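Worksheet: one structure, shown below.
Not measured: the values here are computed from a predicted model.
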Amino acid sequence: MLLVMLAVRAWAFTIYQVTTSDFQPQVRKGDRMIVNRLERTYDKGEHIVFGNQDAFIGKVLAVPGDTVNISGKDYLLPTRCPLCGSDFHRYYMVSLGKQETLIHQTDIIGTAYRLWPIR
């Protein structure tokens with residue numbers, strides 16, 4: 001039973017600690033976040049963890065189908081991947097605090113929920 005619990009924790013739910021201090025007012029440096037790695041759809045306002053080598057946390061600002069303004073020009077976030085045409089590969093506009101970036105769905109680790117702050 002212990003092995004099953006450890007496997008589920010490692011594969012489905014992971015705990016991250018916020019290391020940056022310039023994020024959102026709702027999330028502070030030192031906060032612990034539990035990440036649901038099974039979730040594959042994300043809504044505006046949710047916090048997500050993403051990255052390949054390093055894990056970053058950000059807040060979803062725009063989802064596929066939304067229009068975003070970048071440098072004075074409007075762009076539509078595609079609902080289908082422009083490379084392969086799949087419905088499963090989408091782009092999300094994410095806020096990192098002082099900057100915003102587009103994240104491909106395959107780079108997202110999962111949805112983050114705050115556990116408790118470390119003091």
Task: Gap between atom CD1 of I108 and atom CD1 of I103 - 0.5 Å precision - done: 7.0 Å

Open item on the list: Side chains of D66 and M93, heavy atoms from C-beta outward: is any pair under 4.5 Å?
Closed with: no

Open item on the list: With a 4.5 Å cut-off on side-chain heavy atoms, are L102 and Y92 touching?
Closed with: no

Task: For the student: nearest non-hydrogen atoms of A112 and V49, plus distance - done: CB-CG2, 4.0 Å

Task: I109 and F50, any side-chain heavy atoms less than 4.5 Å apart - done: no

- [ ] Go through the structure and list residues passing side-chain contact (heavy atoms from CB on, under 4.5 Å) with E46, not counting sequence neighbours.
- [x] Y42, D43, T111

TODO: Check the pair I48, V60 against side chain to side chain contact (heavy atoms under 4.5 Å, CB included), reporting the backbone distance first and the verdict last.
DONE: CA-CA 7 Å; I48 59 170; V60 177; 3.9 Å; yes

Open item on the list: As an exercise, state the distance from NZ of K59 to NZ of K44, rounded to the nearest 0.5 Å.
Closed with: 12.0 Å

Throw together a table of side-chain donor-acceptor distances under 3.5 angstrom for residues 69-79, partners on residues two or more places apart or in other chains.
| residue | atom | partner | partner atom | Å |
| --- | --- | --- | --- | --- |
| N69 | OD1 | G72 | N | 3.1 |
| N69 | ND2 | D74 | OD1 | 3.1 |

Open item on the list: For Y91, give me all partners under side chain to side chain donor-acceptor pair (under 3.5 Å), at least two apart in sequence or on another chain.
Closed with: none

- [ ] Determine, step by step, whether E100 and L61 satisfy the side chain to side chain contact (heavy atoms under 4.5 Å, CB included) criterion, reporting the C-alpha distance in whole Å, the side-chain angles of both residues, the deciding distance to 0.1 Å, and the verdict.
- [x] CA-CA 9 Å; E100 298 170 354; L61 297 178; 3.4 Å; yes

TODO: Could you list the residues that satisfy salt bridge (charged side-chain N to carboxylate O under 4.0 Å, His left out) with D107, not counting sequence neighbours?
DONE: none

Open item on the list: Please give me the minimum heavy-atom distance between V68 and A62, naming the atom from each residue.
Closed with: CG1-CB, 3.5 Å

